[in-house]
Amino acid sequence: MKINLVRIDDRLIHGQVATVWSKEANAQRIIICSDEVAKDQIRKTLLLQVGPPGVKVSVVDVAKAVRVYNNPKYEKDTVFFLYTCPQDVLRMAEAGVPIKSVNIGGMSFKTGKTQITKAVSVDESDIAAFKKLHEMGIELEIRPVATDKKVDLMSKIEGIEG
């Protein structure tokens, strides 16, 4: 399986993802990797219906995403992995999925999170996951919109406890 894009965007498939990022990824399928979303039948059904034309959308838990990645049946497929959080990206990377770069598009502000850019807020668990991904040599770039300049995530979280 060829990974064309890995993106964290807690809104998952929305206008930017369906119209711009899916073209940028140029992938046959979008695989949403999230234990939480895979268990939420309503959310899963909605996501399967809003995929861009001509792109197959799957919603699976992280363990299944790893199995699909390693399945020879899909070795010629191109994929756009979409996540809600860095912890799920880390689980896949630690399971041996060769992720080289992560585009961070949107992580909503919630109580307990620190806003580091207009579109990205993190808590201690997010920072810990990002630091581990960084230590694995994975590029972490914030870019909500494809035409934005890449911003190094690590430069934004330096000095924040985590």
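FYI, the numbering just counts along the sequence from 1.
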From Glu36 atom CD to Lys44 atom NZ, the distance as rounded to the nearest 0.5 Å: 13.5 Å

Reported CE-to-CD1 distance for the pair Met154 and Ile142, which is rounded to 0.5 angstrom: 10.5 Å

Pairwise distance OG(Ser58) to CG(Leu47) - rounded to 0.5 angstrom: 11.5 Å

Gap between atom NZ of Lys2 and atom CG of Asn26 - 0.5 Å precision: 8.5 Å

Test side-chain contact (heavy atoms from CB on, under 4.5 Å) applied to Ile127 and Glu124, step by step: CA-CA 5 Å; Ile127 292 168; Glu124 289 185 11; 5.5 Å; no

Rounded distance (nearest 0.5 Å) linking atom OG of Ser121 with atom CE of Met107: 8.0 Å

Arg7 side-chain N/O to Pro144 backbone N/O, donor-acceptor pair under 3.5 Å: yes

Distance-minimising heavy-atom pair for Ala18 and Pro52: O-CB, 3.4 Å

Side-chain (Asp35) to main-chain (Val62) donor-acceptor, under 3.5 angstrom: yes

Of all pairs that satisfy salt bridge (charged side-chain N to carboxylate O under 4.0 Å, His left out), the ones with a partner from residues 61-88, not counting sequence neighbours: Arg29-Asp77, Asp88-Arg91

Candidate list Val68, Leu5, Ile3, test side chain to side chain contact (heavy atoms under 4.5 Å, CB included), partner Val79, passing option: Ile3

Considering all heavy atoms, the nearest Gly105-Val120 contact: O-CG2, 4.4 Å

Separation of Asn103 CG from Ile8 CD1 (nearest 0.5 Å): 8.5 Å

Heavy-atom pair with the smallest gap, counting every atom of Ala146 and Val20: CB-CG1, 3.5 Å

Polar side-chain atom of Asp9 near backbone of Leu82 as donor-acceptor pair, under 3.5 Å: no

Which atom of Val50 lies closest to which atom of Ile13, heavy atoms considered: O-CG2, 3.6 Å

N/O donor-acceptor pair under 3.5 Å between Gln28 side chain and Thr78 backbone: yes

ILVMFWY cluster, Ile32 and Tyr74 together (side-chain gap under 4.5 Å): no

Single-linkage hydrophobic cluster, 4.5 Å side-chain cutoff, Phe109 and Leu12 together: no

Joint hydrophobic cluster, Val66 plus Leu133, side-chain heavy atoms closer than 4.5 Å: yes

Verdict with reasoning, Lys113 to Gln115, per side-chain contact (heavy atoms from CB on, under 4.5 Å): CA-CA 6 Å; Lys113 293 203 176 225; Gln115 189 170 1; over 6 Å; no

Lys/Arg N to Asp/Glu carboxylate O, Glu94 vs Lys132, below 4.0 Å: no

Over all atoms of both residues, closest heavy-atom pair of Ser108 and Asp10: N-OD2, 2.6 Å

Same apolar cluster (I L V M F W Y, side chains within < 4.5 Å links), Val6/Trp21: no

Beyond-backbone contact of Val59 with Asp40, side-chain heavy atoms, under 4.5 angstrom: no

Name of the residue among Tyr83, Phe130, Phe81 meeting side chain to side chain contact (heavy atoms under 4.5 Å, CB included) with Val89: Tyr83

Single-linkage hydrophobic cluster, 4.5 Å side-chain cutoff, Ile30 and Leu46 together: no

Atom of Leu90, atom of Ala129 and distance for their closest heavy-atom approach: CD2-CA, 4.0 Å

Donor on one side chain, acceptor on other, Glu141 and Ser101, under 3.5 Å: no

